[in-house]
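Here is the structure we will look at, set down as structure tokens.
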Amino acid sequence: MEDNERIIRDFIEAWSRRDPEELAAYFADDGVYHNMPIEPVSGRDNVLNFIRGFIGAWDETRWDVLNILSSGDLVIAERVDRTRSGEKSVELPCVGVFEIEGGKIKTWRDYFDFATYQRGLG
């Protein structure tokens with residue numbers, strides 16, 4: 001398996017541990033996290049704070065990879081993110097597009113239906 005694909009598989013698996021510091025460590029210092037329905041977040045420290053802000057309410061999350069493709073520094077992962085917060089839960093189909101640089105995530109664009117997320121956990 002290509003190294004960049006392994007990095008993203010490990011990153012996706014790490015979400016189940018819900019550790020913002022561990023997750024932010026996958027990003028380059030100037031990495032960008034862009035949930036497409038909202039504004040992008042730039043810089044590892046800002047990514048850390050962003051992740052910390054929404055993951056704290058989650059009791060459990062598991063992300064299942066349906067398909068993953070990689071070519072050079074690009075990895076695309078189709079997945080279903082299953083997340084629970086108290087009595088609320090959501091199964092959120094997503095596609096993540098990752099650009100890797102020097103073994104770190106330089107850019108992550110995540111495509112999903114924000115209304116589905118809000119109906120489940122909002």
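Numbering of residues begins at 1 and proceeds along the displayed sequence.
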Taking atom [atom1] of [X] and atom [atom2] of [Y], what is their separation to the nearest 0.5 Å?
X     : Y      : atom1 : atom2 : result
Met36 : Phe112 : CE    : CZ    : 10.0 Å
Ile12 : Asp81  : CD1   : CG    : 8.0 Å
Asp73 : Ile105 : CG    : CD1   : 12.5 Å
Ile8  : Leu74  : CD1   : CG    : 10.0 Å

Applying the side chain to side chain donor-acceptor pair (under 3.5 Å) criterion to Arg79, which one of Asp110, Asp64, Asn67 satisfies it?
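Exactly one option meets the side chain to side chain donor-acceptor pair (under 3.5 Å) with Arg79, and it is Asp110.
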Applying a strict under-4.5 Å side-chain criterion to I, L, V, M, F, W and Y, I'd like to know whether Ile68 and Trp15 cluster together.
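Yes, Ile68 and Trp15 fall within the same hydrophobic cluster.
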So if you build clusters from Ile, Leu, Val, Met, Phe, Trp, Tyr with side-chain heavy-atom gaps below 4.5 Å, do Val75 and Val65 land together?
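Same cluster.
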Of the non-hydrogen atoms in [X] and [Y], which two are nearest, and what is the gap between them?
X     : Y      : value
Ser85 : Ala57  : OG-O, 2.6 Å
Trp58 : Leu121 : NE1-CD1, 3.9 Å
Glu22 : Ala14  : OE2-CB, 3.6 Å
Gly72 : Asn4   : O-ND2, 2.8 Å
Val47 : Gly31  : CG2-O, 4.2 Å
Ile55 : Pro20  : CG2-CG, 3.8 Å

Could you check whether [X] pairs with [Y] (Lys NZ or Arg NE/NH1/NH2 to Asp/Glu carboxylate O, under 4.0 Å)?
X     : Y      : result
Glu2  : Arg6   : no
Glu60 : Arg18  : no
Asp30 : Lys106 : yes

Below 6.0 angstrom between ring centroids: does that apply to Trp108 and Phe11?
yes
Sidechain-backbone polar pair: Asp113 side chain, Thr116 backbone, donor-acceptor under 3.5 Å:
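Yes, because the side chain of Asp113 sits within donor-acceptor range (under 3.5 Å) of the backbone of Thr116.
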Do side-chain atoms of Thr61 reach the backbone of Arg82 as a donor and acceptor pair under 3.5 angstrom?
yes
For Phe50, which residues count as a ring-ring contact (aromatic ring centres under 6.0 Å, His included) partner, sequence neighbours excluded?
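Only Tyr33, Phe54 meet the ring-ring contact (aromatic ring centres under 6.0 Å, His included) criterion with Phe50.
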Heavy-atom check, side chain of [X] versus side chain of [Y], under 4.5 Å:
X     : Y     : value
Val41 : Val32 : no
Glu21 : Leu48 : yes
Ile7  : Tyr26 : yes

Using side-chain contact (heavy atoms from CB on, under 4.5 Å), reason through Arg9 and Glu5 one step at a time and then give a plain yes or no.
CA-CA 6 Å; Arg9 284 186 181 275; Glu5 185 176 320; 3.3 Å; yes
Identify every side-chain donor-acceptor pair in residues 91-101 under 3.5 Å, counting partners at least two apart or on other chains, and give the distances.
residue	atom	partner	partner atom	Å
Glu99	OE2	Arg109	NH1	2.8
Glu99	OE2	Arg109	NH2	3.2

Can you confirm whether Glu39 is buried at CD, in the sense that more than 12 heavy atoms of other residues, nucleotides or ligands lie under 6.0 Å from that atom?
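No.
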